[in-house]
Amino acid sequence: MKDFYLEILHVDKNCGARYGILHTPHGNVEVPMFMPVGTLATVKTLSPEELKEMGAGVILANTYHCSIRPGADIVAKAGGLHKFMNYDGPILTDSGGFQVFSLAENRKITEEGVSFKNHLNGDKLFFSPEVAIDIQEKLGADIIMSFDECMPYPVDYNYAKKSTERTLRWAKRCKEAHKREDQALFGIVQGSDYADLRKMCAEELTKMDFPGYSIGGTSIGEPKEKCFEMIEQSVKYLPFEKPRYLMGVGSLDYILGGIYRGIDMFDCVLPTRLARHGALMTSSGRINIKNEKYKEDFTTLDPKCDCYCCKNYTKAYLRHLHVCDETFGKRLMSIHNVRFLIKIVEGAREAIKEDRFEEYMKATLAAFGDKRGF
RNA sequence: GGGAGGGUAGCGAAGAGGCUAAACGCGGCAGACUGUAAAUCUGUUCCUGAGGGUUCGGCAGUUCGAAUCUGCCCCCUCCCA
């Protein structure tokens with residue numbers, strides 16, 4: 001599709017990090033980027049205007065969840081996700097592949113597709129590559145995903161091989177089913193932590209010539225080094241000029257580590273979920289706002305942050321709102337966590353342009369304290 | 001004045017002779033969260049030198065053993081006058 005392409009403007013001389021502009025039918029966005037997740041056609045507690053102000057380029061919605069509520073046809077009648085949720089920037093939909101994994105107790109996988117039990121009322125559902133594409137065409141996002149299987153970690157080689165080969169066959173079916181010209185369909189590299197499977201999957205997907213490639217099956221409990229290995233084993237077989245999207249990754253060290261290895265796009269529920277639970281990422285580390293020590297802490301959450309929350313409110317106030325379970329607290333903290341990650345990625349872009357990404361990454365992680373792997 | 005029901009950990013509330021430092025909920029404290037079944041989940045919450053020590057309104061009993069049984073006392077709630 002002609003309206004969608006990645007313009008790579010600079011590659012860091014010392015690592016794989018790239019800076020560029022992703023052109024989409026709903027505007028251009030700089031990469032590397034962090035994409036906040038709005039599963040049910042809303043990034044929980046945040047308005048589209050706020051997301052834009054924070055510098056969010058692309059936002060996500062989920063095929064499985066939106067197909068259950070409100071239903072793909074209703075979104076289509078509304079004029080597609082952009083109109084329905086009043087977001088005129090680029091939108092990406094996940095295919096529902098991750099739900100095959102996360103709702104594992106309620107599913108059965110066959111070559112044809114996956115039988116689900118609707119997690120709300122137990123209704124029987126069936127997802128296949130064709131169904132996932134049909135729904136995503138109705139939802140109308142700019143970037144859509146192939147229907148894949150996200151295997152658990154660890155898995156034995158035989159299952160991983162079988163599953164990865166099936167994911168490839170599903171990718172082909174997705175490509176054949178996909179008709180809309182204004183949507184970019186990405187292929188998803190699976191293969192667990194088996195180098196040969198990652199290679200095979202990346203190469204086969206490349207032959208199918210997708211406008212972009214995702215790396216799936218990471219950040220599901222594997223050690224950090226494994227995740228980085230899987231990224232490397234996937235990226236090196238993907239075409240240089242196409243966008244690369246590391247799915248589901250949202251902690252600081254993984255994002256920076258991903259950029260270092262040539263990833264352009266990241267998405268994660270982590271900043272918004274953590275915010276709702278009172279966990280905040282700051283330039284000097286992670287904090288739990290509910291801790292008693294913040295009761296009388298009238299300082300700003302993160303003096304280095306420029307978000308609405310940090311510019312106007314104190315930790316004592318945030319703690320108070322959180323302890324009282326006030327919605328406004330969740331909003332303020334979501335604003336902060338999302339802005340924090342976007343700002344990290346903005347800093348990364350500047351660093352890449354000046355070939356000092358590695359230095360930036362190390363300094364950022366050191367300041368953060370790298371507690372608990374963040 | 002007559003009658004009835006109660007007082008259990010910070011609060012609410014189970015327990016009706018040993019298995020009870022005492023269920024459960026709230027509150028408190030702490031932790032987790034990665035393509036969102038998540039405004040969710042987990043741990044902990046009498047004191048402690050970790051060996052124990054003090055608890056179930058108060059005091060005195062019964063018993064090998066009492067939050068649980070008996071007596072008296074102090075409070076609270078409701079009903080009738």
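Throughout, protein chains are lettered first and strands after them, A, B, ... in sequence-line order, and every chain is numbered starting at 1.
- Within the structure, a side-chain polar atom (N or O) of T39(A) is placed less than 4.0 Å from OP1 or OP2 of rU36(B).
- Two rings, from H23(A) and Y5(A), have their centers less than 6.0 Å apart.
- To the nearest whole angstrom, the two P atoms, one in rG65(B) and one in rG18(B), are 14 Å apart.
- Residue side chain S102(A) does not reach the base of rU36(B) through any donor-acceptor N/O pair under 3.5 Å, judged by distance alone.
- Using a 4.0 Å heavy-atom distance criterion, R319(A) is classed as a sugar-phosphate-only contact.
- With centres under 5.5 Å and a plane angle under 30°, the ring of H277(A) is stacked against the base of rU40(B).
- At the heavy-atom level, T218(A) lies nowhere under 4.0 Å from the strands shown.
- Contact check, N291(A) against rA30(B): a side-chain N or O comes under 4.0 Å of OP1 or OP2.
- Straight-line distance between the P atoms of rG71(B) and rG6(B): roughly 15 Å, to the nearest whole Å.
- Checked against the 6.0 Å centroid threshold, Y313(A) and Y308(A) count as a close aromatic pair.
- Residue K290(A) places a side-chain atom within donor-acceptor reach of the base of rG31(B), judged by atom type and a 3.5 Å distance cut-off alone.
- Ring pair Y245(A)/F266(A): centre-to-centre distance not below 6.0 Å.
- Using the Watson-Crick or G-U wobble rule with both distances under 3.5 Å, rC46(B) pairs with rG53(B).
- Taking only distance into account, the side chain of D148(A) meets the base of rG35(B) through a donor-acceptor pair shorter than 3.5 Å.
- Rounded to whole Å, the separation between the C1' atoms of rC80(B) and rA23(B) comes to 38 Å.
- Heavy atoms of T45(A) sit nowhere under 4.0 angstrom from any nucleic acid atom.
- Atom CE in M145(A) sits roughly 8 Å away from atom C1' in rG35(B) (whole-Å rounding).
- Remark: Q99(A) is in phosphate contact with rA37(B), judged by side-chain N or O atoms under 4.0 Å from OP1 or OP2.
- The residue V43(A) sits apart from the nucleic acid: no heavy atom pair falls under 4.0 Å.
- Counting non-hydrogen atoms under 4.0 angstrom, Q190(A) reaches a base of the nucleic acid.
- In this structure, the ring of Y194(A) has its center less than 6.0 angstrom from the ring center of Y157(A).
- Nucleotides rC79(B) and rG10(B), compared at atom P, are 32 Å apart to the nearest Å.
- At a threshold of 4.0 angstrom between heavy atoms, the contacts of I220(A) with the nucleic acid are absent.
- Taking the ring centroids of H119(A) and Y64(A), they lie under the 6.0 Å cut-off.
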